[in-house]
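As structure tokens, the structure follows; a few thoughts come after it.
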Amino acid sequence: MEWVFDGGRPSLDLVNTLRDRYADGVELLTSPAALAEWLELAGLTAGRARVTEDQLRTARWLREAVNRLLTASPERKDVELVNEAVEAPVPAARLQLSGGELLRAVPAPRDPVAAALAVIAADAVDLVTGPVDVRVCAADDCGLRFADASPRRTRQWCSMARCGNRAKARAHYARSRGE
């Protein structure tokens with residue numbers, strides 16, 4: 001599986017696990033193992049967490065709730081789901097003294113998947129209530145959501161290296177052919 005983390009925020013990266021929303025949609029979270037891999041690669045778990053079918057369903061529901069909060073009129077059920085996910089305990093960083101040096105240590109959560117979903121939900125709360133603009137990639141064949149933190153809020157592509165480059169190459173090719 002090729003995961004893309006171009007959303008700029010954990011909640012948008014989760015939303016982007018359902019690709020091609022403009023068409024029929026392609027589900028990337030196809031199994032508990034796929035969610036475990038995504039959480040690890042997103043940096044939300046330390047190593048591969050054990051994910052249950054219920055946690056997979058919760059992650060998909062959270063993903064769709066966040067998407068609706070960003071793109072449509074918020075529904076009470078979406079707000080309740082995000083608030084419920086935020087309540088999962090996430091261990092706070094602690095100080096550790098090692099050889100006279102202060103280190104930051106974060107204990108492992110009891111339920112790493114619930115803790116990861118809590119981090120995503122907390123990010124969604126900040127995203128939908130904050131000043132960041134959420135955009136959809138301008139590429140006709142993409143549709144990924146991303147946080148536009150550019151100075152003028154004019155970013156068009158989820159990734160300049162992928163979608164932006166393809167669009168510029170197509171425009172150059174069209175100009176060179178005289179279209």
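Model, not experiment: these values are computed from the prediction. The basis for the numbers below is simple: all heavy atoms, side chains too, and nothing from hydrogens, waters or symmetry mates.
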Can you give me every donor-acceptor pair (side chain of residues 96-107, partner residue at least two apart or in another chain, under 3.5 Å) with its distance?
none

Less than 3.5 Å apart, which donor and acceptor atoms pair up between the side chains of residues 113-138 and the rest of the protein, not counting sequence neighbours?
{"residue": "Asp123", "atom": "OD1", "partner": "Arg9", "partner atom": "NE", "Å": "2.7"}
{"residue": "Asp123", "atom": "OD1", "partner": "Arg9", "partner atom": "NH2", "Å": "2.9"}
{"residue": "Asp123", "atom": "OD2", "partner": "Ser11", "partner atom": "N", "Å": "3.0"}
{"residue": "Asp123", "atom": "OD2", "partner": "Ser11", "partner atom": "OG", "Å": "2.6"}
{"residue": "Thr129", "atom": "OG1", "partner": "Val125", "partner atom": "O", "Å": "2.6"}
{"residue": "Arg135", "atom": "NE", "partner": "Asp148", "partner atom": "OD2", "Å": "2.8"}
{"residue": "Arg135", "atom": "NH2", "partner": "Arg153", "partner atom": "O", "Å": "2.5"}

Next item on the list: With the side chain counted from C-beta on, respond yes when Thr17 and Trp38 share a heavy-atom pair under 4.5 Å apart, and no when they do not.
Entry: yes

For Glu37, the salt bridge (Lys or Arg N to Asp or Glu O under 4.0 Å) test, sequence neighbours excluded, returns none

Correct closest heavy-atom pair for Pro32 and Val51 would be CB-O, 3.2 Å

| Same cluster or not: are Leu69 and Val86 linked, directly or through other Ile, Leu, Val, Met, Phe, Trp or Tyr residues, by side-chain heavy atoms under 4.5 angstrom apart? | yes

request  = Treating Ile, Leu, Val, Met, Phe, Trp and Tyr as nodes and any side-chain heavy-atom pair under 4.5 angstrom as an edge, say whether Leu144 and Phe5 lie in one connected cluster.
outcome  = no

Report task. Give a yes or no on this: more than 12 heavy atoms of other residues, nucleotides or ligands lie within 6.0 Å of atom CD of Glu84. Result -> no

task = Would you indicate whether the side-chain heavy atoms of Arg145 and Leu70 approach each other to under 4.5 Å?
result = no

By side chain to side chain donor-acceptor pair (under 3.5 Å), Arg21 pairs with (sequence neighbours left out) Glu64

Q: Answer whether the closest heavy-atom distance between the side chains of Asp13 and Trp3 falls below 4.5 Å.
A: no

> With the threshold set at 4.0 Å, does a side-chain nitrogen-carboxylate oxygen contact exist between Glu27 and Arg63?
Replying inline: yes

Are Leu39 and Leu28 joined in one hydrophobic group, where the rule is that I, L, V, M, F, W and Y side chains link up if heavy atoms are under 4.5 Å apart? yes

For Asp24, the salt bridge (Lys or Arg N to Asp or Glu O under 4.0 Å) test, sequence neighbours excluded, returns none

(message) Using a 6.0 Å cut-off, check whether atom CZ of Arg48 has over 12 heavy atoms from anything other than its own residue.
(response) yes

- prompt: If Ile, Leu, Val, Met, Phe, Trp and Tyr residues are connected whenever their side-chain heavy atoms lie under 4.5 Å apart, and connections chain through other members, are Leu12 and Val26 in the same group?
  reply: yes

| said: Side-chain heavy atoms nearer than 4.5 Å, only ILVMFWY residues, links allowed to pass through others: does that put Val79 and Leu81 together? | reply: no

Taken in chain and number order and not counting sequence neighbours, the residues that satisfy salt bridge (Lys or Arg N to Asp or Glu O under 4.0 Å) with Glu80 are none

